[in-house]
Every structure is written in structure tokens, then in C-alpha cells.
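Below is one structure, written out as C-alpha cells; comments come after it.
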Protein chains: 4
Amino acid sequence: MASRENPAISLRKEPQQTRSRHLVDAVLEAAVRILNDEGSHAFTMARVAEKAGVSVGSLYQYFPNKQAVLFRLQTEEWQQTGTLIETALSDRSKRPDERLRVMIRLFFRSECEEAPFRRALDEALPLYRHTPEGEAQHRRSKKIMTDFIAEALPHASPVTRAFAADFVKTTITALGVRVSERPRKDIDAFAAATAEMLNGWLKRQG
Amino acid sequence: MASRENPAISLRKEPQQTRSRHLVDAVLEAAVRILNDEGSHAFTMARVAEKAGVSVGSLYQYFPNKQAVLFRLQTEEWQQTGTLIETALSDRSKRPDERLRVMIRLFFRSECEEAPFRRALDEALPLYRHTPEGEAQHRRSKKIMTDFIAEALPHASPVTRAFAADFVKTTITALGVRVSERPRKDIDAFAAATAEMLNGWLKRQG
Amino acid sequence: MASRENPAISLRKEPQQTRSRHLVDAVLEAAVRILNDEGSHAFTMARVAEKAGVSVGSLYQYFPNKQAVLFRLQTEEWQQTGTLIETALSDRSKRPDERLRVMIRLFFRSECEEAPFRRALDEALPLYRHTPEGEAQHRRSKKIMTDFIAEALPHASPVTRAFAADFVKTTITALGVRVSERPRKDIDAFAAATAEMLNGWLKRQG
Amino acid sequence: MASRENPAISLRKEPQQTRSRHLVDAVLEAAVRILNDEGSHAFTMARVAEKAGVSVGSLYQYFPNKQAVLFRLQTEEWQQTGTLIETALSDRSKRPDERLRVMIRLFFRSECEEAPFRRALDEALPLYRHTPEGEAQHRRSKKIMTDFIAEALPHASPVTRAFAADFVKTTITALGVRVSERPRKDIDAFAAATAEMLNGWLKRQG
DNA sequence: TATGAATGAGAGTTCATTCAT
DNA sequence: CATGAATGAACTCTCATTCAT
């Protein structure tokens, strides 16, 4: 739906046919593998095409430029992570502090898996920060957190809640990136500590 | 002194003479200004040389390659920030929680000033993460934090202390980066919240 | 009929069926519109096919290559202009100088309308200057002019006549191109001046 | 002097040193030879660099882009031709009609020598038609012709003179291009005819 | 030692043309 | 016959690095 508004970054054509979808998938998979295995400096269109087993021309048939490939990777990751967070935080069968704990653990683990290409993605991020898709994702995650805070701090003022939502999200995101660059074994301990720390802080805001 | 172990990144020659030091300073200053004013994509050796008022040849006389310039920038910044943190955290005239509060505020502000070239530096970071200078800096900041935690958590076990030091440092660092990418006006509020959050968490570890 | 001699440029198959003719027409029309509206750099086979509402494959079924499309455009234009000139110059109800005047005015106006794709056509012109169709057109226009000169200079020697025909044609053609690149409002004045100049010169040759 | 106003087309650096001038000369000479011998489609930066015996990088050190090379060629040619015309037309020791005759002969011959790369130059012309250098050249040639017409038509009104200058210049230029694409042997005859034709026309304007 | 001209590998991107479906 | 996805050679331009002067 955004192809009109942002042709410079969205897909060139929607791959509805099977073959096309395979190509796009192959490209994205190749892109991930290159980012993981060879680093962001090896992420060239020629290398992506080669690794995906397609020609450069085909690559450009579906992605208008290099940023678009990274953009697609980012978008897919945003959607996955967004869903993950939403599911964890809106599970009304648990108390808010427990939900936050679960969410943080899942999020940190998810971040770990994406760590290798995080950097490359971040380099390209300024380019699509202000795209419709980027804005949509931003609004979505903001709403999820705002709703959660409303439940966690039912008696707090709107200003307090707004700040808390912002702060909690920022803290989790920031630590997620950091934790993903560390040894895997530390992750769950860090997740637990982060949850404990944030839950403690939240309690004092309430 | 590290030139043997890592000739690819350390200075080609120690500039002991006045002229050489001037040159190195001019280069670093130019590098900072380019990163700040023109962005990392403008950070080319030719541009740095030009802005520093030296020839490309001279640039290469003191920096073996482009990464080395970024490396020097990083190192200098590490030292400044390290000193800042050390000063704030070891001020025995204040209670630990107050020291942490001050240190976080100073650190966040410092991070803000360096935000523009943070990204460029980070891109080059993997290249010198495991250099002697990098390790030295790492040990230094670790010790500062460990000493601080020893004072903040006098009764905790060594394992708890070690984890706390790691966690507190990671949290502050991670949030520092994030905060530096946000509007300036939020900074002190975030610093206060971060300090409050960490102090609360530390209290519960004690 | 020319497909043997110059298979690289003539039509791949004579489109005798209605459908085929429609396709060829659609392609040529699209080509003209692209050249006019988007400029010669937008004249790609993909764009032509798209604008013509046919597939690239179909395009290549009737035109062996890109030059062939331009060739057809040129040919069609030659025929139109040739007819125009012939009609104007062979109108025995008027004196030769009046015929020339009329012909030049019509020709300049016609050139103006084709100005936009003149350049693109000219780029491809060397490729088909020596094709049968090109030669045929050349002979045709030569004959028209020769006949006209025979009437305008009834007492001149064959050599004089031949040179005059060549010179008059060259002058008109050359000025036509130039005039078509100028503001429209100048055209008729230039046409009048050109006619006056050539009629004066012709009179002196007689 | 135009390097500030139009950095996209003028020389990147003024080649004051001997070596640099040699390089620029070698490039321009290579460019001419390619245009002459291999046609405009062979005019690629790589080919130019190769033929000039320099690297692509060096080429781009002196010419910011491909157009700039063509621009330089055009400029040099403009200057030569401009001087030629000026000299011929302002020679007060001859009558105007004789001067025009001489000038046209010289101009046609000169055009012949440049014919091969005329096309390539013309293709790039739109790109620098409105550059300072282009405008300057245009003003210069306009003035030369205006001055000449003032002498040739001393009693004519300013409007008549202005039109005459425009028309004469257009006719000569247009025919020059056309003539340069024809067999060499025709040139002088065409020059004589053109001069005769224009002198006749001018006499009638006076 | 200082200079900056020269290098050239390599990047992103386009587009005429083919051919499996 | 029609399609349009796939191809890949070719193009312009950049920039880290070297080396003759």
C-alpha cells in the first residue's frame, strides 16, 4: 500500500507469483546470511545477488535499490518483534510485572538472533525512519507500551504514564541491543535483572 | 607502545616532536568537525586532510589507515569519559546513590555531545575492540565500576557485586547511547529516572 | 522486401494481420509520445512496451531491436514530409517562387512539430542512412526537387540545375532543423526570409 | 572563472603545473580521437582514460563528470571558431560581401574538421547551453555578427538589422553543420553559393 | 619529510535482449 | 504467439592508498 507514496524504498513489484516470491525470499535469506557471516561491509548488491543465486538485474527487478533490501529486512524484523511484544504484554491472565518479565526475556532472546545484522540495518535506518512503514511501526509499538503502562500504573497521571511508557520502552530497547552483543549465556540473567529493575521503578511511579 | 602488537591500527610513529603533535591534533580536530558537521559519509581521508590543512601524505605518515583515525578518536573519547566517570564515582564526600546520580547526568550529557560521530565510531569499533588500548580502557572502566559497587553493596557477595557492576555499567552505557539520539530537553529527566531506577535496584541487591 | 538486405533494421515480419498492425501502430504512437513527453533518455524498450500496452516480447516480435523502432519512426516521418513537399512543389497552378514559399512554410512548421524527437532520431540515423528505405526516400526527395528546379530554372544547364537542387534542398533541410529548435513565433518570419533568399538566389542562377 | 558558479561542469582544478596540463591535453586529445575514430557510442570515461594513457581516477581529478569532458571540447571549439569568424568579419580592408564570403569558406572548412564529434557534442549540448561559458560564447558571436551587419546594412532599421544578424548567423551555422557531413569536395562550392545567396539577400534588406 | 597527483578495484545501477512458460 | 522474469555486460563515479618528486 505504500508503493505509491514511497517508491524509492518499497518493493518495485509485489511478488504474487510463486517464482517471484521465491526470488524475494532467496534474496532476503541471502542478505541475512551475508550480514551474519561476512559483515556489513560485504553487503553489496552483487554479493547478495550471487549468494541468492540470481542475477543483479533480477535483484533490481524487485528492490529498487540497496537500501530497499535492508529496509525489507528491518520491516520483517519489526513486525516479528512487534507481534512478540504485543502478545506478551497484553496477556491479561498474568499480572503486569510478570508480563513485563516474560516480554523482556523474549525480546532479549529475539534481539540476540538478529544481532549480527542489527548494525547494518541501523546504518540504513536513517533512510527509512520517516517512511510510512517506519512511522506505522513506531505508532504501533508506542500504543502497545502505552496500553500496558495504563494497566501497570492505573492511578498515575497521564504525564507520568507517558514518561513511563517512553522510559520503559527506551530502556528495554537500549539494553536489548547491548545484550545482543554479549555472550549468549548472560542473556537470561540480564533479562531478569532488567525486569526486576523496571518493575521496581514502575512500582515507585504508581 | 602498542605499535608492535597492533601495527595496523596504532599510530605509525609517536609524535614526540611539537610539529608532529600539532599535526595529529589538527587531524583529530578536523575529523571530529567533519563527523559532526558533514556526517560520516563525508568522512574521507582526503576531506580530513583538507580540513586539517595537511596533505594526504602527511596524514598517512601518522595514521596507517582510515580506521586508525577513528580509533584515535574513540580512544580519546574513552579517556575523557573514563575520567569523568571515575571522578564522579569516587567522590567519597557523597553517598553512593548521589554519586551515581551525578555520574549518570554527566555521562548522558557527555554522550549527547558526541552523538554525531558515535555512529561512525561504532562502525569502526569492531576493528579495534580487541586492541591493547581497547582492552586497557575496558579494564579501567571495569575497575572503576567494581570499586564503586563495592562501596554501594558492601555486604553483597563477590558474585552479586560482579554482576551488579556489569549490569549497571551496561544499563548506563546502553541508555547513554539511546538518550544521545533524542531531543536534548529529555536528557536530564532520563538521567534522573535512570539513576532512580538503578539506585532502587542496587538497594534491593544489597 | 528489404528484410534480406538489412534484416537488422527492417521489420521482422510484415504485419498483414489486423492485430499485428494495431500492435505496430500502438508501439509507434507510444514511441512518439515518449520522445515528446519524456525525452530521449526515457526511450527504453521497456518503457515503449509499457506505454504501448504490449509486452516486451511482443515488441521484439515486430521490431528486431531498438534501432528498428526509431527507424520506423524516421521512415514514417520521411514519408509524411515527402508527401508534403511533393504536394507543395508540384502545384502547377502557382509560380515556382510562390510554391517554394508555401513549401518552406509548411516544412518549417512540420519540422517544429517533430523537433522533440528529432534528436533521438538523429542519434540512430547513421544506422539506417544506407538502408534501402533510406535510399528510396533520398531518391524520391531528390526527384521532387529536381523536377521543381527544372521548372524554376528552365534555361539552366543540367549541371547548374543539379547543383541548385542539391543546394536548395540542403539549405531548406538545414534551416528546418535549426528553426525547429527556436521559439515558435520566429518560424514564419524565418520561413519567409528563407524563401525570399532562395528565390533571389535561384533567379540569379536562371 | 566560472568554476564557482558551475562546479558541475567546469574543470575540477585548474591545471597550472606542467604535468597536469599534459594530462588534460592528453585527455582532450584522446576524447577527440575516440569521437572521430570510434563514434560517440564508444565515448566512455573508461575508454577515454585508457586512450589518454591515464587512470579513470586521474580523469575524474580534472573533470568532474563525463559531460565536463564534452563541455571542454565544445568550449575549445567555440573559441577557435569564434576567433576565426571574428577575424574574418572585422577585416575592414575588404568590402562586407567579400568578408562574408571569406568567413563562410573558412567556417565551412573548420566545421568539416570537427564534423565527427559534432554529434557527440550536440548530444551533450543541452547540458551546458545555459552555463556561463555557453552564454558568454553566445553573446560574443552575437556581437560579432551584429557589428558586421551594422556595416553591411548601414541604412537599415535596428529591427531589420537584428533580424538579419539572427538569420544570417542561423543560416551559416545550419549549413555549416550540414555541409560538414557531406563529401569534402562540395564544400567550397557550397560556401560560395551560401555566400552569394546571403549577400544577395542582404543587399535586398539594405 | 612533505606533497598531492595518480591509481584502480569496486560500488550501485541500467537496460537491450533472450527464452522458459 | 504472447508474456515478462531473468540476464549480465557495461556504465559512471568514489576513495583508500601509494609513490615520484
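Keep in mind that what you see is a predicted model, and the values were worked out from it rather than measured. Reckoned from all heavy atoms, side chains included, excluding hydrogens, waters and symmetry mates. A, B, ... follow the sequence lines: proteins, then strands. Residue 1 opens every chain.
The CD-P distance, from Q61(A) to dT14(E), rounds to 12 Å in whole Å. When rounded to the nearest whole Å, the span between CD of Q67(C) and C1' of dC15(E) equals 13 Å. Here the C1' atom of nucleotide dC13(F) and the OH atom of Y62(D) are 18 Å apart, to the nearest Å. Atom pair Y60(C):OH and dT3(F):C1' shows a separation of 15 Å (rounding to whole Å applied). Atom pair I34(C):CD1 and dA16(E):P shows a separation of 11 Å (rounding to whole Å applied). In this entry the distance linking NE2 of H41(D) with P of dA9(F) reads 18 Å, nearest Å. F43(C) places its CZ atom 9 Å from the P atom of dA16(E), with the value rounded to the nearest Å.
Put simply, the side chain of N65(D) does not reach to within 4.5 Å of the side chain of M45(D), judged on heavy atoms. You'll find the side chain of L28(D) reaches within 4.5 Å of the side chain of F63(D), heavy atoms only. Counting only heavy atoms from C-beta outward, the side chains of V56(C) and V48(C) never approach each other to under 4.5 Å.
T44(B) comes within 4.0 angstrom of sugar-phosphate atoms only, judged by non-hydrogen atoms across all strands, and of no base.
For the side-chain contact (heavy atoms from CB on, under 4.5 Å) test, residues two or more places apart in sequence or in another chain that qualify with V54(B) are L23(B), V27(B), A49(B), A52(B), S58(B). Taking T75(C) as the reference, nothing meets the side-chain hydrogen bond (donor to acceptor under 3.5 Å, both in side chains) condition, with sequence neighbours excluded. The side-chain contact (heavy atoms from CB on, under 4.5 Å) search around E77(C) returns Q74(C), T81(C), E111(C), E114(C), R118(C), L121(C), not counting sequence neighbours. Listed by chain and residue number, nothing satisfies the side-chain hydrogen bond (donor to acceptor under 3.5 Å, both in side chains) test with T44(D) (two or more places apart in sequence, or in another chain).
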Under the rule of Watson-Crick or G-U wobble with both distances under 3.5 Å, where | means paired to another strand and [ ] a crossing pair, DNA chain E maps to .||||||||||||||||||||
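Note on residues 48-62 of chain B: pairs passing salt bridge (charged side-chain N to carboxylate O under 4.0 Å, His left out), not counting sequence neighbours, are E38(B)-K51(B), R47(B)-E50(B).
A close approach under 4.0 Å does not occur between any side-chain nitrogen or oxygen of S55(C) and OP1 or OP2 of dG4(F).
Between the CD atom in E29(B) and the CG atom in L73(B) there is a gap of 11.0 Å [rounded to 0.5 Å].
Contacts between residues 45-53 of chain C and DNA chain F, counted as heavy-atom distances below 4.0 Å, involve no residue at all.
Comparing G57(B) and L59(D) against DNA chain E, the residue whose closest nucleotide sits nearer the 5' end is G57(B). DNA chain F is contacted by both V54(A) and L23(C); L23(C) maps to the nucleotide lying nearer its 5′ end (nearest heavy atom per residue). The residue among K66(A) and V56(B) whose nearest nucleotide of DNA chain E lies closer to the 5′ end is V56(B).
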